[in-house]
Amino acid sequence: MVQDLSLNPQVTRYRRERWETPDGKTIIAALDPGFVGGYGPNLHRLALTLHFSGQVTCERIVALLNGMGVVISKRQVVRLLTAKLETFRAEDEAVLKAGLGGAYITVDDTGARHAGKSGYTTQIGSITLRRFAPALRNRGWRFCRGCAAHRSM
């Protein structure tokens, strides 16, 4: 068995319809909702995965993508990391809900200071789930109350 991976840039030119209303306004057909600032959903997913799962900085993501032939700036990478996250948030909530359905869960809060500010991380775990949720304030007890309400349903 041989496994391989191919990463290459793909540029597609979309020709969108334009209409002019009787009052002179121009209406342009929308692109697919998966596109963010001229970048497709696969590039968006790769940038999110590298940054959040791989802990890769924006500068390194830019260097990696530029090296592969993708023309992108740091500002555009930041937009990819912050725009249209609703789909990913819904997926994250579904994974959390499924993970909380096990026989038991563990919750642990850890606090630390960074750049002169207190920060907290709540670790949520079960047999099938490990989740780390950073926050600027401690929300562990609130989370535990939410779990109790969720599990009693």
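Side chains included, hydrogens not; waters and symmetry mates left out as well; all remaining heavy atoms used.
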Could you go through Leu48 and Leu81, starting from their C-alpha distance and side-chain angles, then the distance that decides it, and tell me whether this counts as side chain to side chain contact (heavy atoms under 4.5 Å, CB included)? CA-CA 6 Å; Leu48 288 169; Leu81 297 176; 4.0 Å; yes

Would Asn42 and Leu46 satisfy side chain to side chain contact (heavy atoms under 4.5 Å, CB included), going step by step from the backbone distance to the final call? CA-CA 6 Å; Asn42 292 328; Leu46 175 65; over 6 Å; no

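- A donor-acceptor pair under 3.5 Å is absent between the side-chain atoms of Asn66 and the main chain of Val71, judged by distance alone.
- When side chains are defined from C-beta on, Ser6 counts as touching Asn8, because their heavy atoms get closer than 4.5 Å.
- A continuous path of ILVMFWY side-chain contacts below 4.5 Å connects Met68 to Val62, so both sit in one hydrophobic cluster.
- In the hydrophobic cluster analysis, where Ile, Leu, Val, Met, Phe, Trp and Tyr join through side-chain heavy atoms closer than 4.5 angstrom, Phe52 is grouped together with Val77.
- Following chains of ILVMFWY side-chain contacts shorter than 4.5 Å, one cannot reach Leu64 starting from Val78, and the two form parts of different hydrophobic clusters.
- When the shell of 6.0 Å around CZ of Arg16 is examined, it contains more than 12 heavy atoms from other residues, nucleotides or ligands.
- Inter-residue side-chain proximity for Tyr39 and Gln76 is flagged as met; some heavy-atom pair is nearer than 4.5 Å.
- Interatomic distance, Cys58 SG to Arg75 CZ, rounded to the nearest 0.5 Å: 12.5 Å.
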Verdict with reasoning, Glu20 to Lys25, per salt bridge (charged side-chain N to carboxylate O under 4.0 Å, His left out): CA-CA 6 Å; Glu20 187 172 327; Lys25 293 182 182 177; over 6 Å; no

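- In this structure, the side chains of Ile61 and Thr57 stay at 4.5 Å or more apart for every pair of heavy atoms.
- Atom CG of Leu65 sits about 7.0 Å away from atom CG of Leu50, to the nearest 0.5 Å.
- Val70 is not connected to Phe35 by any chain of hydrophobic side-chain contacts under 4.5 Å among Ile, Leu, Val, Met, Phe, Trp and Tyr, and they are in different clusters.
- Summarising the local packing, CD of Gln10 is surrounded by 12 or fewer heavy atoms from other residues, nucleotides or ligands at distances under 6.0 Å.
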